[in-house]
Amino acid sequence: MEKVDNLDRKILNIIMNNARTPSKDVAIVCGVSRAAIHQRIQRLIEMGVITGSGYDVDPKKLGYNTCTYVGVKLEKGSMYRGVVADLESIPEVVECHFTTGPYSMLMKVFARDNQHLMELLNDRIQHIKGVTETETLISLEQSMNRQIKLETDDAK
């Protein structure tokens, strides 16, 4: 597998901060040609370092005012993949992690309000085969949302 070098890290730090930064601006900051930036970004995509593109959408602007984290206990940890397959049919579930600790899974869920959240939990999530218990933590405010900052040789 190819390695991510210092120039790649510089490029990633810039585009993770703002994916709409023009290649010419990235090239100026990095001291290379725009073509080199384009080639590097393509290589990072092919390597699987860059895994997506698109826009971040604010769920609250779409009426999803309740952000929650739901800890899920399963009958058996081996049921995880089947439960995930069922969760994929619930669009309000936006993240799901297989975890260690008190829960088998931790999910991030957006709901319109507390009533909608209760319906999701009671009528959908808790009816999935293998789910034995849920614990819900409502996020009062998101204080941070960022990509990991990559250290470059310049920063050392």
Side-chain angles (χ1 to χ4, degrees), residues 1-74 77-113 116-117 120-121 125 131 134-156:
M1 184 170 134
E2 294 181 62
K3 290 193 173 205
V4 174
D5 65 16
N6 196 50
L7 178 56
D8 293 329
R9 287 189 290 276
K10 284 182 186 178
I11 294 166
L12 288 167
N13 278 329
I14 294 167
I15 64 175
M16 284 189 304
N17 186 48
N18 181 358
R20 291 186 249 173
T21 303
S23 293
K24 69 176 179 58
D25 294 347
V26 177
I28 290 167
V29 172
C30 294
V32 297
S33 71
R34 188 166 66 187
I37 297 299
H38 178 72
Q39 289 171 347
R40 289 290 185 124
I41 290 173
Q42 278 306 122
R43 185 176 61 81
L44 291 166
I45 291 169
E46 290 166 8
M47 289 170 58
V49 174
I50 297 174
T51 58
S53 65
Y55 297 100
D56 289 333
V57 175
D58 184 349
K60 287 183 180 182
K61 302 285 186 197
L62 300 174
Y64 291 87
N65 295 305
T66 303
C67 173
T68 62
Y69 294 88
V70 180
V72 177
K73 292 185 180 179
L74 298 179
S78 61
M79 300 178 91
Y80 170 71
R81 295 203 190 286
V83 172
V84 169
D86 288 338
L87 290 170
E88 286 175 341
S89 71
I90 304 172
E92 294 89 349
V93 177
V94 297
E95 284 185 31
C96 183
H97 303 266
F98 191 36
T99 61
T100 62
Y103 307 111
S104 305
M105 301 167 60
L106 187 64
M107 302 181 307
K108 184 175 184 180
V109 178
F110 284 103
R112 291 185 298 278
D113 52 34
H116 182 215
L117 175 61
L120 287 169
L121 291 167
I125 295 168
V131 172
T134 61
E135 183 174 353
T136 305
L137 304 151
I138 295 177
S139 171
L140 300 175
E141 176 181 69
Q142 180 177 317
S143 305
M144 234 169 147
N145 182 13
R146 64 181 180 190
Q147 295 285 319
I148 189 164
K149 182 150 173 72
L150 302 173
E151 191 172 304
T152 63
D153 292 339
D154 299 342
K156 292 180 182 177

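- Counted within 6.0 Å of CG on L62, heavy atoms from surrounding residues, nucleotides or ligands total more than 12; the atom is thus considered enclosed.
- Each of I37, V26, V29, I11 was checked for a side chain to side chain contact (heavy atoms under 4.5 Å, CB included) with T21, and the lone residue meeting it is V26.
- In this structure a side-chain-to-backbone donor-acceptor pair under 3.5 Å is present from N13 to L150.
- Using a distance-only test at 3.5 Å, with no hydrogens or angles considered, no donor-acceptor pair links the side chain of T51 to the main chain of G48.
- Going from atom CZ of R40 over to atom CE of M47 covers 10.0 Å, rounded to the nearest 0.5 Å.
- If you take OG on S53 and CD1 on I41, they are separated by 11.0 Å, rounding to the nearest 0.5 Å.
- For the pair N145 and Q142, the tightest heavy-atom approach, listed with the atom from each and the gap, is CB-NE2, 2.6 Å.
- The closest side-chain donor-acceptor pair between Y64 and E92, if any, does not fall under 3.5 angstrom.
- Here the side chain of R34 pairs no donor or acceptor atom with the backbone of A27 at under 3.5 angstrom.
- Between M79 and L74, the shortest heavy-atom distance links the atoms C-CD1, 4.2 Å.
- The two residues F110 and L120 come nearest to each other via the heavy atoms O-CD1, 4.1 Å.
- Around CG of N18, the count of heavy atoms belonging to other residues, nucleotides or ligands within 6.0 Å exceeds 12.
- Rounding to the nearest 0.5 Å places CD1 of I28 at 11.0 Å from OG of S23.
- Taking the side chain as every heavy atom from C-beta outward, V72 and L106 never approach each other to under 4.5 Å.
- No donor-acceptor pair closer than 3.5 Å links the side chain of D86 to the backbone N or O of V83.
- Minimum interatomic distance between K3 and D8 (heavy atoms only, all atoms of both residues): O-OD2, 3.8 Å.
- Looking at L12 and I50, their side chains come closer than 4.5 Å, going by heavy atoms from C-beta outward.
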Please step through side chain to side chain contact (heavy atoms under 4.5 Å, CB included) for the pair M105 and V84, ending with a clear verdict.
CA-CA 9 Å; M105 301 167 60; V84 169; 4.1 Å; yes
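- Of all non-hydrogen atoms in S139 and Y69, the two that sit nearest each other are CB-CE1, 4.2 Å.
- With values rounded to the nearest 0.5 angstrom, E135 atom CD is found 12.0 Å from T68 atom OG1.
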Using the side chain to side chain contact (heavy atoms under 4.5 Å, CB included) rule, take I138 and L117 through it: C-alpha gap first, then chi angles, then the decisive distance, then the call.
CA-CA 10 Å; I138 295 177; L117 175 61; 4.3 Å; yes
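- Partner of C30 under the side chain to side chain contact (heavy atoms under 4.5 Å, CB included) criterion, chosen from I14, D25, N6: I14.
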Pair K149, N17 - check side chain to side chain contact (heavy atoms under 4.5 Å, CB included), show working.
CA-CA 9 Å; K149 182 150 173 72; N17 186 48; over 6 Å; no
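- Between the CG atom of L87 and the CD atom of E95 there is a distance of 13.0 Å, given to the nearest 0.5 Å.
- When side chains are defined from C-beta on, Q42 counts as touching H38, because their heavy atoms get closer than 4.5 Å.
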Evaluate the side chain to side chain contact (heavy atoms under 4.5 Å, CB included) criterion for residues H116 and T66: first the C-alpha distance (whole Å), next the side-chain angles of each, then the deciding distance (0.1 Å), finally the verdict.
CA-CA 9 Å; H116 182 215; T66 303; over 6 Å; no
